[in-house]
Protein chains: 2
Amino acid sequence: MKIGELARRSGRSAHTLRYYERIGLLPPPRRDGSGQRDYDASVLVWLAFLERLRATGMPIREMLDYAALRARGEDTALERCALLEAHRDRVRAHVRLLQASLEVLDTKIEGYHAAHHERTPGT
Amino acid sequence: MKIGELARRSGRSAHTLRYYERIGLLPPPRRDGSGQRDYDASVLVWLAFLERLRATGMPIREMLDYAALRARGEDTALERCALLEAHRDRVRAHVRLLQASLEVLDTKIEGYHAAHHERTPGT
DNA sequence: GCTTGACCTGGAGTGCGCTCCAGGCCGTAA
DNA sequence: TTACGGCCTGGAGCGCACTCCAGGTCAAGC
């Protein structure tokens with residue numbers, strides 16, 4: 001598939017896909033007769049996984065580390081696993097922080113409602 | 001209190017505090033005889049609240065909106081409340097996305113462990 | 001008197017993750 | 001044949017949230 005279709009199907013722009021390739025996050029695909037990128041469908045799986053890492057706040061630098069280990073072969077599995085576990089721990093901590101902050105927000109919002117009811121008794 | 005102490009007590013750098021003041025996120029404090037900032041302790045509460053907004057991913061632009069409403073007085077309470085509620089909804093959605101991504105990560109990590117056990121039977 | 005450290009200003013620089021531009025090529029449809 | 005959309009490259013530009021710099025002032029301690 002060409003870059004436009006991959007962009008549509010992966011939810012990224014063609015610009016971003018070329019950028020990912022340039023920095024080494026996406027393997028260079030083969031080219032067709034006129035030099036255009038011709039992607040294998042399997043790259044969609046990789047992109048979906050990268051999106052999960054991105055959504056959870058992993059910096060590109062670290063995705064590159066992961067991609068490099070992956071490219072080095074099967075015997076880096078333990079290292080890749082450790083990298084993901086460390087990331088997961090950070091994400092869990094982040095979620096806990098967000099939940100604590102949500103409680104503060106709830107309290108604040110509740111305070112606004114209470115003040116409003118006080119100014120407009122009977123509502 | 002001077003900027004250095006406020007920086008220590010609020011967990012920000014003096015640079016950042018001056019930056020916040022410059023962009024209008026922090027009210028300009030009075031100055032002492034030699035022109036140095038002299039903060040009231042109450043600003044710590046405001047900074048702690050801003051930190052919650054920041055931790056939950058609110059852009060500075062929106063914090064400025066909130067600060068502007070606050071500066072306009074009591075009768076903006078409903079608008080401020082609405083702003084916080086909209087933000088809270090976004091944060092909740094973000095947390096749900098993170099939790100879904102955590103499950104994907106868990107599955108991936110579990111896969112690594114399973115593969116490892118398969119290669120090293122008996123462990 | 002001198003050093004040290006904290007503070008002051010305006011403005012430049014940084015790191016991240018894109019995003020876009022100029023200028024050009026290629027294949028298809030009208 | 002000409003227009004059009006999609007693709008190509010290298011490199012510049014952007015928005016965010018700081019972060020730091022140069023060059024200076026000031027107060028306190030030795």
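Scope of the values below: all heavy atoms of this structure, side chains included, with no hydrogens, waters or symmetry mates. Below, chains carry the letters A, B, ... as their sequence lines are ordered, and counting in each starts from 1.
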OP1 or OP2 of dA17(D) sitting under 4.0 Å from any side-chain N/O of Arg22(B)? no
Nearest-angstrom distance from the residue atom CE of Met63(B) to P of dA17(D): 7 Å
Where each residue is assigned the nucleotide of DNA chain C containing its nearest heavy atom, which of Met58(A) and Glu5(B) is assigned the position nearer the 5′ end? Glu5(B)
Side chain of Tyr19(A) only, heavy atoms from C-beta on: which candidate in dG17(C), dT9(C), dC7(C) is closest? dG17(C)
Assign each of Ile60(B) and Ser34(B) the nucleotide of DNA chain D bearing its closest heavy atom; nearer the 5' end lies the nucleotide of Ile60(B)
Can you tell me how far C1' of dG5(C) sits from CD1 of Ile3(B), to the nearest Å? 15 Å
Between Tyr39(A) and Lys2(A), is there a cation-pi geometry (under 6.0 Å to ring centre, at most 45° from the normal)? no
Looking across every strand, which nucleic acid part, if any, lies under 4.0 Å from Arg54(B) by heavy atom: base, sugar-phosphate, or nothing? sugar-phosphate
dA17(D) phosphate, OP1 or OP2, under 4.0 Å from Tyr20(B) side-chain N/O: no
Should Ile109(B) and Cys81(A) count as side-chain neighbours, where that means a heavy-atom distance under 4.5 Å? yes
Quick one: on DNA chain C, does Lys2(B) or Gly57(A) contact a more 5' nucleotide (nearest heavy atom)? Lys2(B)
Mutual orientation of the aromatic rings belonging to Tyr66(A) and Phe49(A) [parallel < 30°, tilted 30-60°, perpendicular > 60°]: tilted
Does a salt bridge link Glu21(A) with Arg18(A), judged by any charged N lying under 4.0 Å from a carboxylate O? no
What is the separation between atom CZ on Arg8(A) and atom P on dG5(D), rounded to the nearest whole Å? 15 Å
Options dC7(D), dT19(C), dA6(C), nucleotide nearest the side-chain atoms of Thr16(A): dT19(C)
Whether the side chain of Ser10(A) engages the backbone of Leu6(A) through a donor-acceptor N/O pair (distance < 3.5 Å, no angle test) should be reported. yes
At under 4.0 Å between heavy atoms, what does Arg12(A) touch on the DNA or RNA strands: base, sugar-phosphate, or nothing? nothing
State whether Arg18(B) places a side-chain N or O below 4.0 Å from either non-bridging phosphate oxygen (OP1 or OP2) of dA17(D). no
Can you tell me the distance, in whole Å, between the CD atom of Glu51(B) and the P atom of dC18(D)? 9 Å
Phosphate OP1/OP2 of dT9(D) contacted by Arg37(A) side-chain N/O (<4.0 Å): yes
Nearest-Å distance, CZ (Arg31(B)) to P (dT25(D))? 16 Å
Give a yes or no on whether a salt bridge exists between Arg80(B) and Glu85(B), defined as a side-chain N under 4.0 angstrom from a carboxylate O. no
Out of dC21(D), dC8(D), dC7(C), whichever nucleotide has its closest atom nearest the side chain of His15(B): dC21(D)
Separation of dT9(D) P from Ile23(A) CD1 (nearest whole Å): 16 Å
Mind calculating the distance between CG (Asp32(B)) and P (dC8(C)) to the nearest angstrom? 9 Å
Rounded to whole Å, please give me the gap between CD in Glu21(B) and C1' in dC18(D). 16 Å
Listed nucleotide nearest any side-chain atom of Pro59(A), set dT9(D), dA17(D), dG17(C): dG17(C)
